[in-house]
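Residue numbers begin at 1 in each chain, while the letters A, B, ... track the order of the sequences.
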Protein chains: 2
Amino acid sequence: MNNLTLEDIAEQCGVSRSTVSRVINNHPNVSKKARMLVQEVINQTGYQPHAAARALVSNRSWTVGLILPRSVNSFFTDPYYPSLIQGIAQACSSSDYTFTLFLMREKEDEERIFHRISRRGFLDGILLQSDNIGDSLIDKLILSDIPLTVLGRPFKSGNISFIDINNVESVEKAVDYFIETEHKRIGTITGPLNTTVGIDRKQGYMNSLLKHGFTVDKDLIAEGTFTEESGYLGMLEILKAKPDAVFTASDQMALGAMRAMSENGLRAPDDVAIIGFDDFPLQMPAYPPLSTIRQPIDEFGNEALRMLIDIIENGTEPARRVILKTELILRGTTRKRIN
Amino acid sequence: MNNLTLEDIAEQCGVSRSTVSRVINNHPNVSKKARMLVQEVINQTGYQPHAAARALVSNRSWTVGLILPRSVNSFFTDPYYPSLIQGIAQACSSSDYTFTLFLMREKEDEERIFHRISRRGFLDGILLQSDNIGDSLIDKLILSDIPLTVLGRPFKSGNISFIDINNVESVEKAVDYFIETEHKRIGTITGPLNTTVGIDRKQGYMNSLLKHGFTVDKDLIAEGTFTEESGYLGMLEILKAKPDAVFTASDQMALGAMRAMSENGLRAPDDVAIIGFDDFPLQMPAYPPLSTIRQPIDEFGNEALRMLIDIIENGTEPARRVILKTELILRGTTRKRIN
DNA sequence: TTCTATATTGGGAGCGTTCCCAATATCTCA
DNA sequence: TGAGATATTGGGAACGCTCCCAATATAGAA
């Protein structure tokens with residue numbers, strides 16, 4: 001590796017350290033001639049400023065951390081996390097931020113991770129995935145005054161900047177669609193009800209039902225964990241109550257639900273219509289293409305980072321809030337609307 | 001955040017900066033009394049050394065980067081990458097290294113990423129996933145002299161440190177098992193044959209066949225891409241040649257293969273026995289539990305990082321090489337061995 | 001007790017930047 | 001052409017740490 005310093009480049013150019021620094025940082029007050037000369041030498045030598053030196057004096061590390069508090073299992077199974085990571089990694093790359101990842105497996109990791117991320121000069125900001133477990137980290141993080149953006153609505157949203165999608169509303173619309181297409185017994189397999197996503201999506205379901213004068217039937221509601229397996233189990237439960245449409249809070253659960261249906265000789269959408277949630281690339285062997293609510297995951301990563309950078313640059317007050325829109329994608333597991 | 005410096009702590013303790021530094025870095029020459037006093041004050045104040053300052057003077061960032069050159073798609077679908085990330089993130093966390101992630105989507109990213117990671121004082125070392133695309137990065141990386149460990153055998157393994165699993169040997173054993181259990185027409189769905197994993201696993205398959213005096217029948221070999229879909233398609237091909245056993249180079253492909261079988265009214269292991277590769281937590285709806293070759297992914301992450309740290313600390317020469325063992329797991333998709 | 005060996009401590013220098021201000025070069029307009 | 005304004009440049013100081021060496025305290029031996 002080349003160990004050139006600013007001063008070396010300066011010498012080669014016959015200018016001062018300061019001028020080279022100005023060229024690198026695109027400061028205005030440099031003569032065209034000098035700028036070109038320096039640029040030339042930099043290109044030739046492949047000089048790169050020393051990250052740590054820069055970080056020390058500028059008090060910016062140009063590094064952000066993503067903390068995922070989820071349990072190990074769903075990290076593998078649920079395409080959500082890979083997608084999220086992908087989206088954020090990419091956003092970081094475009095903004096020339098370094099992306100560091102912290103996986104919290106157990107409760108004990110919390111203390112340890114907190115200790116690490118609160119090292120001064122280490123992270124410029126933090127993206128924290130909202131979660132029933134992780135939320136206890138929020139308080140500490142808030143106190144430590146490090147720029148923070150929470151991904152997904154946190155339980156106590158008091159003065160916290162967060163980004164979310166319109167869970168309630170989008171599910172409400174999906175269930176509205178069931179009702180418009182003449183379904184009478186509409187069930188749902190919810191996400192975990194100790195998470196805000198789980199709660200919000202269930203709320204959307206109830207909103208629609210209530211709005212249309214339906215009664216909420218407990219036998220048509222099962223709590224899942226976003227996994228295929230839990231969708232399967234949930235559907236087995238609900239099937240007893242003879243649903244004609246089911247909204248599942250994730251595509252994975254939709255998959256499981258359809259497996260349960262298939263085992264009982266039922267097909268979507270004729271016997272039971274299905275709408276899922278996510279619309280990530282997913283393998284759906286042997287089933288009709290899934291109607292679902294599309295979650296804009298790339299945009300989510302982008303906006304989350306953008307918010308965080310804004311907080312880094314302009315301070316944590318006032319708390320920011322961004323709600324992204326979803327889209328109902330009608331495919332093969334729902335009835336066509338009668339015009 | 002607290003903005004204490006070494007000097008502040010020193011003052012509070014009535015000792016010098018140097019003594020505090022020695023306590024923090026566990027240097028020997030500190031009196032018991034002083035050490036305890038300093039430790040006490042550090043604990044009370046929650047002082048943390050400034051990461052950048054430390055990195056600047058010690059020329060160590062305590063950060064390693066993982067570069068994944070894979071195409072986007074398989075990043076979502078294939079549990080391999082999340083598992084790998086998880087394993088390495090954890091290993092980093094235990095060793096107090098920071099884990100940064102670089103996702104290479106397109107060929108153009110290569111130049112950009114290379115530029116970023118070669119910033120001085122930025123990364124102490126790099127873990128690079130071997131890949132037909134990414135391998136062109138290796139040469140640059142080698143030249144740039146940054147500590148590098150390649151994950152999976154690289155094409156040109158000349159003087160490169162890498163870690164791999166015993167692909168050839170383990171597949172050979174799996175196919176041996178097919179032969180021991182009286183199978184006669186053994187097929188395989190390979191990984192992509194422009195990757196070393198793909199090549200090696202196919203080699204293992206051929207080794208076993210040849211060793212036992214079987215002839216290699218092209219009609220019993222299909223090239224896949226590790227995805228469920230490609231397993232499905234591959235199996236459809238192979239089925240024409242009437243196999244009685246198939247080794248698939250990933251569990252996902254095994255899944256697809258079994259879907260193809262199921263559509264043709266065939267069952268494992270009676271009609272066609274199946275052995276997969278990976279044994280990551282996987283959802284296998286409605287099929288018998290999969291016999292497979294277990295890949296020690298956590299150990300892989302650990303060992304990879306351990307190797308990298310060794311290179312960081314003791315220099316890049318000589319090239320290290322570690323081959324991890326796999327394990328054949330016999331479950332429901334293979335015949336029982338007759339004793 | 002006194003001298004020497006050893007354990008402990010303190011402070012200067014330096015890591016490679018950025019920021020700031022003073023110094024110098026260049027331009028503008030009367 | 002010259003004074004003043006403006007554009008450009010250079011170098012000191014600082015960021016917070018580690019390393020090194022010299023200074024001091026302490027212990028051990030005679």
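Annotation: side-chain hydrogen bond (donor to acceptor under 3.5 Å, both in side chains) contacts of A:Lys325 (sequence neighbours excluded): none. Remark: A:Tyr80 engages no residue in a side-chain hydrogen bond (donor to acceptor under 3.5 Å, both in side chains) (not counting sequence neighbours). For A:Glu40, there are no salt bridge (Lys or Arg N to Asp or Glu O under 4.0 Å) partners, not counting sequence neighbours. Residues passing the salt bridge (Lys or Arg N to Asp or Glu O under 4.0 Å) test with A:Arg306, sequence neighbours excluded: A:Glu303. A:Asp298 pairs by the side-chain hydrogen bond (donor to acceptor under 3.5 Å, both in side chains) definition with nothing, not counting sequence neighbours. In this structure, the salt bridge (Lys or Arg N to Asp or Glu O under 4.0 Å) partners of A:Asp124, at least two apart in sequence or on a different chain, are A:Arg60. Shown here are the salt bridge (Lys or Arg N to Asp or Glu O under 4.0 Å) partners of A:Glu299, two or more places apart in sequence or in another chain: there are none. With sequence neighbours excluded, no residue satisfies side-chain hydrogen bond (donor to acceptor under 3.5 Å, both in side chains) with B:Arg22.
Side-chain atoms of B:Ile146 and B:Ser118, non-hydrogen and from C-beta on, never get closer than 4.5 Å to each other. Counting only heavy atoms from C-beta outward, the side chains of A:Arg120 and B:Tyr47 approach each other to under 4.5 Å.
Using a 4.0 Å cutoff to heavy atoms of chain A, the contacted part of DNA chain D runs 5' to 3' from D:dT8 to D:dC17.
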(message) What does the B/S/- profile of nucleotides 12-17 of chain C look like, 5' to 3', with a 4.0 Å heavy-atom cutoff to protein?
(response) BBBBBB

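Near-neighbour residues of DNA chain D inside residues 33-43 of chain B, defined by a heavy atom below 4.0 Å, are absent.
Taking a 6.0 Å sphere around NE2 of B:His115, one finds it holds 12 or fewer heavy atoms contributed by other residues, nucleotides or ligands. The number of heavy atoms from other shown groups lying within 6.0 Å of CD (A:Glu313) is above 12.
In terms of position on DNA chain C, the residue among A:His27 and B:Val15 whose nearest nucleotide sits closer to the 5' end is B:Val15.
Direction of the helix axis in the helix from C:dT1-D:dA30 to C:dA30-D:dT1 shifts by 40° between the two five-pair termini, rounded to 10°.
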